[in-house]
Amino acid sequence: MSTLTVYNTRTRQKERFEPIEPGHARVYSCGPTVYAAQHLGNLRPYLFADLLRRALEAEGLRVTHVINITDVGHLTSDADTGEDKMERAAARAGRKASEIAAFYTEKWLLDRRRLNCVPPEVLPKATEHIPEQIALAQILEAKGYTYRIADGLYFDTRKFPRYAEFARLDLEGQEAGARIGDVPEKHQPADFALWKFPVAGVERQQEWDSPWGRGFPGWHLECSAMSVKYLGKSFDIHTGGVDHIRVHHTNEIAQSECAFDVHPWVRYWLHNEFYEFGGEKMAKSTGNVLLLEDLLERGFEPLAFRYFFLQGHYRQQQSFTLEAMEAAATGYRRLLAHAAEVRGEKGEPDRGRIAPLQARFREAVRDDLNAPRALAVAWEVTRSPELSPADKRSLLLEFDRWLGLGLATEEPRTASRESDPRIDALLARREAARATREFATADRIRKELEAEGILVEDTPEGPRWRRR
RNA sequence: GGCGGCGUAGCCAAGUGGUAAGGCAUGGGACUGCAAAUCCCUGAUCCCCGGUUCGAAUCCGGGCGCCGCCUCCA
């Protein structure tokens, strides 16, 4: 029996997780839109989903995890021009939309691998599920949930009485302050497109035939169509960023519950908060972004960013600053060094001694995935004078099932792995000087190397050096 | 205008009724020819005001400040 507890946005409370099908957790995560590189903020939901996935597996559950890839464009906010992000990116690069999508999909997958995220079971692409999306829209049309206007086929939110329930929307209040609608023909501001017709005079690469004519799917449709295809008409968990609660997830629920006559369509909705970056959210639309690659260029290890992620709770806004990133990198490096030191221990752990630490770690992670608390337990293990090296090895490697920090495999960045004839020669000269206690000469050589970014450290095993 | 969240040491951040986890940085010590690395020690009464309570960072009320959603957005 699982004792994992998660905060369910649907009920606004922490609930014990019970899968619909005993022993099997079915999870859908809103995936990336691949018209641009994913920045650090975009990466948080996947780190979060990965933590969730690992926690479910640690509970002994089989996990089927689906993450969609949105490779068809959504309209930009400037709806009048009919511009589409995917199409625009393609036009700018002078490439085909499919090439742009493939390119950024690969980049995202690379980031996932670098961050040690467990690969999902299914990675469905929106463009490869057009028939499923059309079929879903047809069901809704047949059931009378839709209406057609010049702009496209729309979902009539008035026909779904529970529409405002999930996000606790105040539709009246919302209208009071709402801007002038983007599509004046819409019956209610909340109504959304299931199928869009092309805008006259605008060439689109991504268009398909449908019962309503040529066009392209509304952007909420793909998640409903693909999740249901791979996970069933009702499944356990749906994850995404908090920004999706209001519109995207509300609309997904409306479509799915109406089409399949299920309620609740998804039992547990889990949402991650945003990273704050320089006093505002990190967002592509504002250009306020930093990529994982940018961190690597600055000399950070990818898993140091995962460590940064684990230092905060997923449901809390977290401030990303380079200072905080440095702190995380140092912390990660040290934790890894501790793990590496005891990694090879062959002895058996003392079950009585490690049990309390195991219990506290599990308790933290089972309490709505409280990674910061779990990390603190890991640190306690490294500092404990009571635990034997074998105890520590056993605990840290077990904890890493959840943490995914590569504690069993990653090499700590301390000793130099490089060799350079010139530097080695200089170090040899310095050693000679030290041997004869000519410390002025020795220090001069070290200073010279430091000036070019090379740090020399004397150890009992002799000098070693590293860059930066 | 509507809705949600947050404000804890220099920084990142746990903790939601019983007297403040953890990491990083700082300072001190050990070690070192000196450093580096490492190890040990070291700091906050929790935005402000009022209330409830034997007791509040934690509950209630009122301020101030910050972030987000309502439009593409993780």
Side-chain angles (χ1 to χ4, degrees), chain A residues 9 12 29-33 35 38-49 73-79 83-85 167-179 181-182 189-190 219 239-248 250 271-276 279-286 307-308 310-332 334-335 337-338 341 360 364 370-380 383 385 414-415 434 437-440 442-443 446-447 450 455-460 463-466:
Chain A
T9 302
R12 309 291 154 112
S29 297
C30 276
T33 49
Y35 61 86
Q38 299 286 299
H39 59 252
L40 298 179
N42 290 321
L43 261 19
R44 191 177 193 187
Y46 310 117
L47 286 166
F48 152 58
H74 298 158
L75 296 179
T76 60
S77 52
D78 191 7
E83 203 174 24
D84 168 307
K85 289 177 174 177
R168 317 251 158 126
L169 298 175
D170 173 1
L171 293 175
E172 312 281 317
Q174 203 173 313
E175 282 178 57
R179 305 157 200 215
D182 47 337
W219 74 284
T239 73
V242 284
D243 57 322
H244 281 154
I245 297 171
R246 292 271 167 165
V247 178
H248 186 48
T250 286
H271 294 96
N272 63 278
E273 256 297 347
F274 275 57
Y275 284 136
E276 190 186 295
E280 57 180 315
K281 69 171 177 170
M282 193 178 281
K284 284 195 277 282
S285 55
T286 57
Y307 183 94
F308 173 83
L310 293 168
Q311 277 190 312
H313 186 94
Y314 76 90
R315 230 150 33 75
Q316 218 57 51
Q317 288 181 16
Q318 190 179 351
S319 299
F320 181 91
T321 61
L322 284 174
E323 191 186 0
M325 188 57 222
E326 289 282 0
T330 304
Y332 173 60
R334 288 185 183 157
L335 184 63
H338 278 108
E341 210 178 297
R360 285 176 44 219
N370 197 320
R373 239 168 72 201
L375 254 193
V377 177
W379 274 103
E380 218 176 295
R383 309 271 201 230
T414 47
R434 290 183 71 209
R437 305 189 67 78
E438 293 169 55
F439 296 123
D443 290 347
R446 186 168 60 195
K447 273 223 159 81
E450 198 177 327
L455 301 179
V456 177
E457 298 173 1
D458 296 324
T459 74
R464 67 186 181 199
W465 60 276
R466 62 192 166 95

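Proteins get letters first, then strands, A, B, ... in listed order; numbering begins at 1 in each. Note that the coordinates shown come from a computational prediction; the quantities given were computed from them, not determined experimentally.
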Study note, to complete from the structure: Residues passing the salt bridge (charged side-chain N to carboxylate O under 4.0 Å, His left out) test with A/Arg434, sequence neighbours excluded, are A/Glu431, A/Asp458
Practice item. State which residues pass side-chain hydrogen bond (donor to acceptor under 3.5 Å, both in side chains) with A/Tyr46; sequence neighbours excluded, sorted by chain then number. Key: none
Exercise for review: Name the nucleic acid region contacted by A/His271, choosing base, sugar-phosphate or nothing; use a 4.0 angstrom heavy-atom cut-off, strictly under.
Suggested key: nothing
Point to revise | A/Phe274 ring over B/rA74 six-membered base ring, under 5.5 Å and 30° | key: yes
Point to revise | d(CZ, A/Arg246; C1', B/rG1) in whole Å | key: 13 Å
Practice item. Look at the side chain of A/Gln317 against the base of B/rC67 and say whether a donor-acceptor pair falls under 3.5 Å; ignore hydrogens and angles. Key: yes
**Study point:** Same-atom distance (P) from B/rG10 to B/rG68, integer angstrom
**Key:** 25 Å
Check your understanding: Sequence neighbours excluded, which residues qualify as salt bridge (charged side-chain N to carboxylate O under 4.0 Å, His left out) partners of A/Glu380?
Key -> A/Arg360
Review point. What integer number of Å spans the C1' atoms of B/rC59 and B/rG18?
Key: 14 Å
**Study point:** 5' precedence on RNA chain B between A/Asn370 and A/Cys30 (nearest-nucleotide basis)
**Key:** A/Asn370
Review point. Who pairs with A/Glu323 by side-chain hydrogen bond (donor to acceptor under 3.5 Å, both in side chains), at least two apart in sequence or on another chain?
Key: none
Review point. Base, sugar-phosphate, or nothing: which does A/Gly41 touch, judged by heavy atoms less than 4.0 Å apart?
Key: base
Practice item. Provide, to the nearest angstrom, the distance between the CD atom belonging to A/Gln318 and the P atom belonging to B/rA13. Key: 5 Å
Review point. Whole-Å distance between B/rG4 C1' and A/Ile245 CD1?
Key: 8 Å
Point to revise | Comparing A/Phe320 and A/Val456 on RNA chain B - which has the more 5′ nearest nucleotide | key: A/Phe320
Check your understanding: Looking only at atom C1', what distance separates B/rG43 and B/rA9, rounded to whole Å?
Key -> 7 Å
Practice item. Just jot down the side-chain hydrogen bond (donor to acceptor under 3.5 Å, both in side chains) partners of A/Tyr307, sequence neighbours excluded, or say none. Key: A/Trp379
Check your understanding: How would you list, by chain and number, every residue that makes a side-chain hydrogen bond (donor to acceptor under 3.5 Å, both in side chains) with A/His338, sequence neighbours excluded?
Key -> none
Point to revise | Whole angstrom value for the distance that separates C1' of B/rC69 from CD of A/Glu276 | key: 15 Å
Practice item. Could you tell me whether a side-chain N or O of A/Thr250 sits under 3.5 Å from a main-chain N or O of A/Ile245, the two making a donor and an acceptor? Key: yes
Point to revise | Sugar-phosphate only, base, or nothing, as touched by A/Arg383 at under 4.0 Å among non-hydrogen atoms | key: sugar-phosphate
Exercise for review: Give a yes/no on whether any side-chain N or O of A/His338 is located under 4.0 angstrom from OP1 or OP2 of B/rC39.
Suggested key: yes
Check your understanding: Which residues satisfy the ring pair (Phe, Tyr, Trp, His ring centres under 6.0 Å) test with A/His248, sequence neighbours excluded?
Key -> A/Trp219, A/His220, A/His244
Exercise for review: Look at all strands and tell whether A/Tyr275 reaches a base, only sugar-phosphate, or nothing, counting heavy atoms closer than 4.0 Å.
Suggested key: base
Check your understanding: Rounded to the nearest 0.5 Å, how far does CZ of A/Phe439 lie from CZ of A/Arg446?
Key -> 10.5 Å
Review point. Choosing from B/rA74, B/rC12, B/rG10, which nucleotide comes nearest the side chain of A/Thr321?
Key: B/rC12
Point to revise | Any A/Ser319 side-chain N or O less than 4.0 Å from OP1/OP2 of B/rC66 | key: no
Review point. So which nucleotide does B/rU26 pair with, by the Watson-Crick or G-U wobble rule with both distances under 3.5 Å?
Key: none
Review point. Quick one: A/Gln316 CD to B/rG68 P, roughly how many Å, whole number?
Key: 15 Å
Review point. Reading nucleotides 25-33 of chain B from the 5' end, what letters show protein touch, with B for base, S for backbone sugar-phosphate only, - for no heavy atom under 4.0 Å?
Key: S-------B
Review point. To the nearest Å, how far apart are A/Phe308 CZ and B/rA14 P?
Key: 10 Å
Practice item. Could you check which residues of residues 373-380 of chain A get a heavy atom under 4.0 Å from RNA chain B? Sort them by number, please. Key: A/Arg373, A/Ala376, A/Trp379
Review point. Base, sugar-phosphate, or nothing: which does A/His244 touch, judged by heavy atoms less than 4.0 Å apart?
Key: sugar-phosphate
Practice item. Would you confirm whether A/Arg44, through its side chain, and A/Gly41, through its main-chain N or O, come within 3.5 Å as a donor-acceptor pair? Key: no
Review point. Expressed in angstrom and rounded to an integer, what is the separation of A/Gln311 atom CD from B/rG22 atom P?
Key: 13 Å
Practice item. Send over the distance from A/Glu273 CD to B/rC67 C1', rounded to a whole Å. Key: 8 Å
Check your understanding: What do you reckon, are the aromatic ring centroids of A/Phe308 and A/Tyr275 less than 6.0 Å apart?
Key -> yes
